[in-house]
Amino acid sequence: MTQLDHQLHSIGPEVAGSRIFKFIGFLYGIAAYLVFFVTILYAIGFVMGLVVPKTIDTGTDTPTAEAVIINLLLMTLFALQHSVMARKQFKAWWTQFVPKPVERSTYVLFASLSLLLLFWQWRPMPAVVWDVGNPDLAVTMVTLSLAGWVLVFASTFIINHFELFGLHQVTNHLVGNEAAPPRFKTPLFYKFVRHPIYLGFIIAFWAAPVMTAGHLLFAAVTTLYIFVGIALEEHDLVDLFGDEYRQYKQRVSMLIPWRRSV
Ligand SMILES: C[S@@+](CC[C@H](N)C(=O)[O-])C[C@H]1O[C@@H](n2cnc3c(N)ncnc32)[C@H](O)[C@@H]1O
């Protein structure tokens with residue numbers, strides 16, 4: 001028995017072909033997760049202008065009107081992919097072709113690829129909108145932006161990082177566990193705002209000591225998209241959890257901890 005056969009044998013009693021497919025699905029899920037992980041790390045460098053070779057403020061010099069059009073198209077492509085593929089009607093349709101256990105991984109992979117395309121093709125718009133100048137204030141803003149990214153990561157872990165990014169589903173499938181039905185949760189930050197991940201992104205995108213026109217366009221459009229995304233997501237959450245989510249909306253603010261409505 002080869003080592004692979006041995007590993008597959010320990011997974012469960014199914015026929016060999018099915019076990020092979022489960023294992024391939026698992027490897028695919030890991031690959032999709034790794035692509036996501038590289039993409040999100042790149043995103044931090046891209047937005048903050050740190051470490052990575054191509055940032056929000058570098059790249060091919062392009063006339064402003066052309067840069068605005070290209071950048072808007074890139075953000076629209078990401079928004080469409082991200083929102084359309086997340087809807088339950090779309091999921092019901094495409095799981096006829098994509099096996100259910102790898103559906104989330106495929107979504108994560110497509111979202112990562114459309115973001116990587118955005119980073120690659122993004123046109124800088126270097127006009128400076130604000131430059132805080134004061135070094136202490138600049139450090140505060142960079143720290144705030146990093147805190148935004150920490151809020152994003154921490155919130156994914158407290159709600160269920162591995163399920164959000166598809167690893168949970170492919171692992172369950174591999175070991176033959178039934179996928180658990182979605183559960184409504186309000187851990188930690190979710191007691192103060194309904195969307196801590198999105199709040200983290202907003203903070204990370206806006207807290208910039210030097211704000212260029214390109215960065216401002218990115219922050220403004222993504223913030224607008226977050227509000228659209230929230231409306232779509234909450235519509236689905238009310239469908240899924242009913243009164244439990246309706247009452248949560250009454251009780252807990254959307255994005256600003258001390259305000260009920262927003
Ligand atoms: C990318 S996460 C964003 C979660 C949340 N909007 C945030 O900003 O922290 C989207 C997924 O989280 C799920 N979700 C959002 N709020 C939830 C909650 N309170 N309990 C369980 N699942 C939730 C949605 O159904 C969706 O699958």
Side-chain angles (χ1 to χ4, degrees), residues 23-60 70-71 73-86 94 98-99 101-124 142-174 195-208 212 214-215 217-219 221-223 225-226 229:
F23 194 63
I24 292 171
F26 178 67
L27 292 181
Y28 172 76
I30 291 182
Y33 181 81
L34 290 177
V35 174
F36 148 76
F37 203 76
V38 169
T39 306
I40 195 79
L41 288 182
Y42 199 99
I44 299 173
F46 179 80
V47 174
M48 296 188 74
L50 300 171
V51 187
V52 299
K54 163 88 173 70
T55 75
I56 201 162
D57 293 322
T58 61
T60 320
I70 292 173
N71 294 341
L73 283 175
L74 291 165
M75 287 188 283
T76 306
L77 181 71
F78 172 75
L80 284 177
Q81 176 278 322
H82 202 250
S83 286
V84 172
M85 286 180 79
W94 83 314
V98 176
V102 295
E103 184 272 328
R104 189 69 191 178
S105 297
T106 309
Y107 172 79
V108 167
L109 183 62
F110 276 50
S112 304
L113 292 178
S114 57
L115 265 184
L116 289 172
L117 176 71
L118 183 148
F119 301 153
W120 174 40
Q121 285 302 321
W122 181 265
R123 301 298 198 265
V142 171
T143 310
L144 199 61
S145 179
L146 284 172
W149 288 109
V150 171
L151 180 60
V152 170
F153 272 100
S155 303
T156 66
F157 279 100
I158 65 171
I159 194 142
N160 196 345
H161 181 85
F162 297 109
E163 191 178 315
L164 266 184
F165 300 109
L167 276 184
H168 194 69
Q169 292 84 332
V170 290
T171 310
N172 267 345
H173 185 59
L174 179 71
H195 302 284
I197 296 178
Y198 301 150
L199 174 62
F201 279 125
I202 292 174
I203 296 170
F205 296 164
W206 284 94
T212 59
H215 192 151
L217 180 74
F218 180 83
V221 174
T222 47
T223 302
Y225 170 59
I226 282 174

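In this text the structure is predicted, and so the values were computed from the model without any measurement.
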Enter the distance from [X]:[atom1] to [Y]:[atom2] here, rounded to the nearest 0.5 Å.
{"X": "L174", "Y": "L27", "atom1": "CG", "atom2": "CG", "result": "8.5 Å"}
{"X": "L34", "Y": "S112", "atom1": "CG", "atom2": "OG", "result": "10.5 Å"}
{"X": "L77", "Y": "L115", "atom1": "CG", "atom2": "CG", "result": "10.0 Å"}
{"X": "I44", "Y": "L146", "atom1": "CD1", "atom2": "CG", "result": "8.0 Å"}
{"X": "F201", "Y": "T222", "atom1": "CZ", "atom2": "OG1", "result": "9.5 Å"}
{"X": "F165", "Y": "I40", "atom1": "CZ", "atom2": "CD1", "result": "7.0 Å"}

Any side-chain heavy atom of [X] sitting closer than 4.5 Å to one from [Y]?
{"X": "Y33", "Y": "V170", "value": "no"}
{"X": "L164", "Y": "R104", "value": "yes"}
{"X": "V142", "Y": "L50", "value": "no"}
{"X": "F46", "Y": "K54", "value": "yes"}

Which atom of [X] lies closest to which atom of [Y], heavy atoms considered:
{"X": "T106", "Y": "Y28", "result": "OG1-OH, 2.9 Å"}
{"X": "P53", "Y": "T58", "result": "O-OG1, 4.0 Å"}
{"X": "S145", "Y": "A204", "result": "OG-O, 3.0 Å"}
{"X": "I56", "Y": "V47", "result": "CG2-O, 4.0 Å"}
{"X": "V98", "Y": "E103", "result": "CG1-CA, 4.1 Å"}

Side-chain donor/acceptor of S155 to backbone N/O of L151, under 3.5 Å
yes
Backbone N/O of V102 and side chain of Q169: donor-acceptor pair under 3.5 Å
no
Tell me every residue that passes ring-ring contact (aromatic ring centres under 6.0 Å, His included) with [X], counting only those two or more places apart in sequence or in another chain.
{"X": "H195", "value": "Y198"}
{"X": "F218", "value": "W122, F205"}
{"X": "W120", "value": "none"}

By side-chain contact (heavy atoms from CB on, under 4.5 Å) - contacts of [X] (at least two apart):
{"X": "L144", "value": "I203, A207"}
{"X": "P101", "value": "P99, H173"}
{"X": "S114", "value": "F78, Q81"}
{"X": "V52", "value": "Y42, T55"}

Just to verify, what does [X] make a side chain to side chain donor-acceptor pair (under 3.5 Å) with, not counting sequence neighbours?
{"X": "W149", "value": "none"}
{"X": "T156", "value": "H161"}
{"X": "R123", "value": "T62, Q121"}
{"X": "T212", "value": "D57"}

is_close_aromatic(H82, F110), centroid dist under 6.0 Å:
no
Go through the steps for L74 and N71 under the test side-chain contact (heavy atoms from CB on, under 4.5 Å), then give the verdict.
CA-CA 5 Å; L74 291 165; N71 294 341; 4.2 Å; yes
Could you please spell out the steps behind the side chain to side chain donor-acceptor pair (under 3.5 Å) verdict for W206 and T223?
CA-CA 9 Å; W206 284 94; T223 302; 2.8 Å; yes
